[in-house]
Number of protein chains: 2
Amino acid sequence: MSRAETYAEPLAPRAREVVAAGLDAEAVVTLFGRCEVDYEGRASSYLGPGDRLVVLKPDGTLLVHKREQRTPVNWQPPGCDHHAELVDGQLQVVSDRSNPDEHVEILFEEIHALVRYDAEDVEELELTGTEEDLRQRILDDPSLVEAGFEAEETEYQTDAGAADIVGTDAEGHTVVVELKRRRVGPKAVGQLKRYVDAVRRTEDEAARGILVAPSVTDTAHELLDEEGLEFVSLEP
Amino acid sequence: MSRAETYAEPLAPRAREVVAAGLDAEAVVTLFGRCEVDYEGRASSYLGPGDRLVVLKPDGTLLVHKREQRTPVNWQPPGCDHHAELVDGQLQVVSDRSNPDEHVEILFEEIHALVRYDAEDVEELELTGTEEDLRQRILDDPSLVEAGFEAEETEYQTDAGAADIVGTDAEGHTVVVELKRRRVGPKAVGQLKRYVDAVRRTEDEAARGILVAPSVTDTAHELLDEEGLEFVSLEP
DNA sequence: ACATGCATTTCGCAT
DNA sequence: ATGCGAAGTGCATGT
């Protein structure tokens with residue numbers, strides 16, 4: 001038996017059976033059809049009839065995709081309960097969860113195709129080039145921040161949240177480092193400011209703050225000056 | 001002719017033809033197969049062989065989904081160029097873009113199913129319950145912020161970014177309002193602080209700052225106190 | 001094209 | 001469970 005079973009133009013009762021059995025067997029179930037979608041939860045939405053791709057994953061994820069966009073037009077995160085019912089002879093797929101209460105209903109006017117995919121997958125993604133990698137580079141060579149800098153703690157807990165790296169400069173003053181893997185705007189400056197303020201209040205009144213990133217926007221640069229904070233350029 | 005054409009266990013050459021023709025005709029092309037995925041761009045990743053769902057959209061979106069998670073394990077945003085080639089007799093799907101340069105390669109060891117979906121879809125999502133809706137409610141009834149509050153500008157430009165609402169209180173003092181549709185943490189306090197600081201520097205030294213949200217975390221509450229900022233609870 | 005901020009953000013990790 | 005911050009965030013909007 002193949003890992004994928006495809007059904008072209010299935011009738012609603014048959015589709016309901018296949019979807020229900022697929023969910024039960026922890027398969028990935030994919031529907032191609034003309035449907036409308038109702039969502040009620042953290043927000044509310046209605047999507048009128050059109051042809052979409054609907055994916056039901058065994059972990060309780062629901063995806064509804066239009067022809068465009070990377071982001072699904074409607075969805076449900078992992079952990080939801082999926083059900084397939086017949087309503088007035090049409091296939092209705094329902095996804096529910098609690099905390100927060102969220103509910104998605106998909107009603108199919110037409111089902112153009114249906115695939116049950118018993119996917120086997122053990123490999124996990126290996127990803128490099130993250131902020132974590134950048135931090136490791138700095139720990140390996142603290143002079144990337146400045147000559148004489150010594151890193152002392154990562155994820156250093158302040159009253160205002162965790163600072164990426166805290167250490168001391170050549171003169172022994174506390175230095176708070178905020179790390180970003182890409183060009184940053186005012187948001188990152190505010191974040192650094194929060195941590196530096198907290199350290200200044202509780203630890204070292206003369207603590208310095210350094211934003212380490214590939215580059216900063218004009219506004220961010222002005223804010224840094226305004227707040228007496230520093231910037232060090234570092235490519236990821 | 002049906003809107004969806006399904007192919008079970010297609011051979012690689014045939015699959016390449018169908019994928020190429022589907023891309024050309026602006027169809028949504030979906031592959032179910034065992035593949036490995038290489039990504040090189042803002043970061044880098046490798047995903048070893050496993051059964052996945054691959055979606056190619058006519059707007060240049062690429063999605064690679066594992067059995068789990070709402071987020072695709074690899075992807076490409078709209079605007080990319082997709083190509084299907086045969087490499088050593090195997091189907092290879094490539095997606096490219098520039099600015100930033102990003103490149104995804106998917107090599108299929110097995111193709112379990114393939115669907116070409118000529119989807120028609122004109123309806124757009126109608127969404128309510130956003131921050132925008134919350135803002136409109138406050139503009140309609142400014143007393144939701146506090147008695148005597150009058151809203152004067154939305155998206156008010158400060159040196160540190162745009163404040164959601166700026167107005168005056170019963171005593172004529174400037175009030176900066178930061179709006180959130182859900183429970184907020186220290187980040188939102190920092191954001192409000194940035195705007196209030198900017199207004200205090202340039203407009204009104206005695207400007208007040210009010211965070212309007214359903215609730216705040218303990219840390220956020222302490223930070224608000226620390227900075228002399230206020231909180232008003234408002235359900236979305 | 002860049003800057004800015006929301007998002008039904010999702011996700012992982014720590015408490 | 002909640003808090004917190006990163007993400008290859010995506011995305012719309014304004015400049």
Side-chain angles (χ1 to χ4, degrees), chain A residues 37 39-45 61-62 64 68-80 95 97 99-104 125 127-135 155 157-158 160-164 178-188 190-191 194-195 215-220 236, chain B residues 39-45 61-62 68-79 97 99-104 125 127-135 155 157-158 160-164 178-188 190-191 194-195 215-220 236:
Chain A
V37 187
Y39 157 68
E40 198 72 44
R42 288 167 290 179
S44 307
S45 73
T61 298
L62 166 72
V64 182
E68 309 91 17
Q69 301 282 66
R70 208 221 61 152
T71 305
V73 63
N74 283 112
W75 70 88
Q76 205 72 289
C80 297
S95 173
R97 70 161 170 156
N99 199 1
D101 273 343
E102 297 207 281
H103 181 82
V104 174
L125 187 72
L127 183 68
T128 59
T130 63
E131 184 183 293
E132 171 66 32
D133 295 321
L134 192 56
R135 178 165 65 195
E155 296 298 315
Q157 285 298 329
T158 73
D164 284 334
E178 177 61 30
L179 261 181
K180 294 293 168 191
R181 58 183 298 284
R182 37 181 247 178
R183 183 173 173 82
V184 296
K187 194 170 48 179
Q191 199 180 341
R194 266 199 287 135
Y195 304 148
S215 59
V216 294
T217 64
D218 286 351
T219 315
Chain B
Y39 156 69
E40 198 72 45
R42 288 169 289 180
S44 308
S45 72
T61 297
L62 166 72
E68 309 91 17
Q69 301 281 67
R70 208 223 57 151
T71 306
V73 62
N74 281 113
W75 70 89
Q76 207 71 290
R97 70 161 169 156
N99 198 3
D101 273 344
E102 298 207 281
H103 181 82
V104 174
L125 186 72
L127 182 68
T128 59
T130 62
E131 185 182 292
E132 170 67 31
D133 296 319
L134 192 57
R135 179 167 64 194
E155 297 298 319
Q157 285 299 328
T158 74
D164 286 333
E178 177 60 32
L179 215 51
K180 293 293 167 191
R181 57 185 300 286
R182 36 180 254 178
R183 181 174 174 84
V184 296
K187 194 170 46 178
Q191 200 179 343
R194 262 199 290 136
Y195 303 148
S215 59
V216 295
T217 65
D218 287 352
T219 316

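Only a predicted model underlies this, so the values are computations on that prediction, with no experimental measurement involved. The chains referred to below are lettered A, B, ... by the order of the sequence lines, with proteins before strands, and numbering in each begins at 1. Computed over heavy atoms, backbone and side chain alike; hydrogens, waters and symmetry mates excluded.
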Novice: Can you find a side chain N or O atom of A:Thr71 that sits less than 4.0 Å from OP1 or OP2 on C:dA7?
Specialist: no
Novice: Less than 4.0 Å between a side-chain N and a carboxylate O, is that true for A:Glu178 and A:Arg194?
Specialist: no
Novice: State whether B:Thr217 places a side-chain N or O below 4.0 Å from either non-bridging phosphate oxygen (OP1 or OP2) of D:dT2.
Specialist: no
Novice: For D:dT9, does OP1 or OP2 lie under 4.0 Å from any side-chain N or O of A:Arg182?
Specialist: yes
Novice: With a cut-off of less than 4.0 Å, is there a side-chain N or O of B:Ser44 near OP1 or OP2 of D:dG8?
Specialist: no
Novice: Using a 4.0 Å heavy-atom cut-off, does A:Asn74 contact any base of the nucleic acid, only the sugar-phosphate backbone, or nothing at all?
Specialist: base
Novice: Using whole Å, what does the distance between atom P of nucleotide C:dT8 and atom CD of A:Glu102 come to?
Specialist: 10 Å
Novice: Which part of the nucleic acid, if any, lies within contact of A:Ala160, taking any heavy atom under 4.0 Å across all strands shown: a base, the sugar-phosphate backbone alone, or nothing?
Specialist: sugar-phosphate
Novice: Take atom C1' in C:dT9 and the same atom in C:dG5, then report the distance between them in whole Å.
Specialist: 13 Å
Novice: With a 4.0 Å limit, can you tell me whether B:Gln69 has a side-chain N or O closer than that to the phosphate oxygens OP1/OP2 of C:dG12?
Specialist: yes
Novice: OP1 or OP2 of D:dT9 less than 4.0 angstrom from a side-chain nitrogen or oxygen of B:Trp75, does that happen here?
Specialist: no
Novice: Does A:Arg42 place a side-chain N or O at less than 4.0 Å from the phosphate oxygens OP1/OP2 of C:dT10?
Specialist: yes
Novice: Within a strict 4.5 Å, meaning less than it, do heavy atoms of the A:Val104 and A:Leu62 side chains meet?
Specialist: yes
Novice: Looking at every strand, decide which applies to A:Val73 at a 4.0 Å heavy-atom threshold: base, sugar-phosphate, or nothing.
Specialist: base
Novice: When you match A:Pro186 and B:Glu132 each to their closest nucleotide on DNA chain C, which lands nearer the 5' end?
Specialist: A:Pro186
Novice: Do any side-chain nitrogens or oxygens of A:Tyr195 fall under 4.0 Å of OP1 or OP2 in D:dC4?
Specialist: no
Novice: Looking only at side-chain N and O atoms, does B:Lys187 come under 4.0 Å of OP1 or OP2 in D:dC4?
Specialist: no
Novice: Checking all strands, does B:Ser45 fall into the base, sugar-phosphate, or nothing category for heavy-atom contacts under 4.0 angstrom?
Specialist: nothing
Novice: Please determine if B:Arg97 and B:Glu102 form a salt bridge, counting it only when a charged side-chain N lies under 4.0 Å from a carboxylate O.
Specialist: yes
Novice: Within the pair A:Arg194 and D:dC4, is there a side-chain N or O less than 4.0 Å away from OP1 or OP2?
Specialist: no
Novice: Using a cut-off of 4.0 Å on non-hydrogen atoms, how would the nucleic acid contact of B:Glu40 be classed: base, sugar-phosphate, or nothing?
Specialist: nothing
Novice: Distance check: side-chain N/O of A:Gln157 vs OP1/OP2 of C:dA14, anything under 4.0 Å?
Specialist: no
Novice: Verify the contact: side-chain N or O of A:Gln76 to OP1 or OP2 of C:dT9, cut-off strictly under 4.0 Å; return yes or no.
Specialist: no
Novice: Within the 4.0 Å heavy-atom criterion, would you say B:Pro100 contacts the bases, only the backbone, or no part of the nucleic acid?
Specialist: nothing
Novice: What integer number of Å spans the C1' atoms of D:dA6 and D:dG10?
Specialist: 14 Å
Novice: Using a heavy-atom cut-off of 4.0 Å across all strands, would you classify A:Gly41 as base, sugar-phosphate, or nothing?
Specialist: nothing
Novice: Would you say B:Arg181 places a side-chain N or O within less than 4.0 Å of OP1 or OP2 belonging to C:dT9?
Specialist: yes
Novice: Between P on D:dG5 and CD on A:Gln191, what's the gap in Å once rounded to a whole number?
Specialist: 6 Å
Novice: So, taking the atom named NZ in B:Lys180 and the one named CG in B:Asp164, what distance separates them when rounded to the nearest 0.5 Å?
Specialist: 6.5 Å
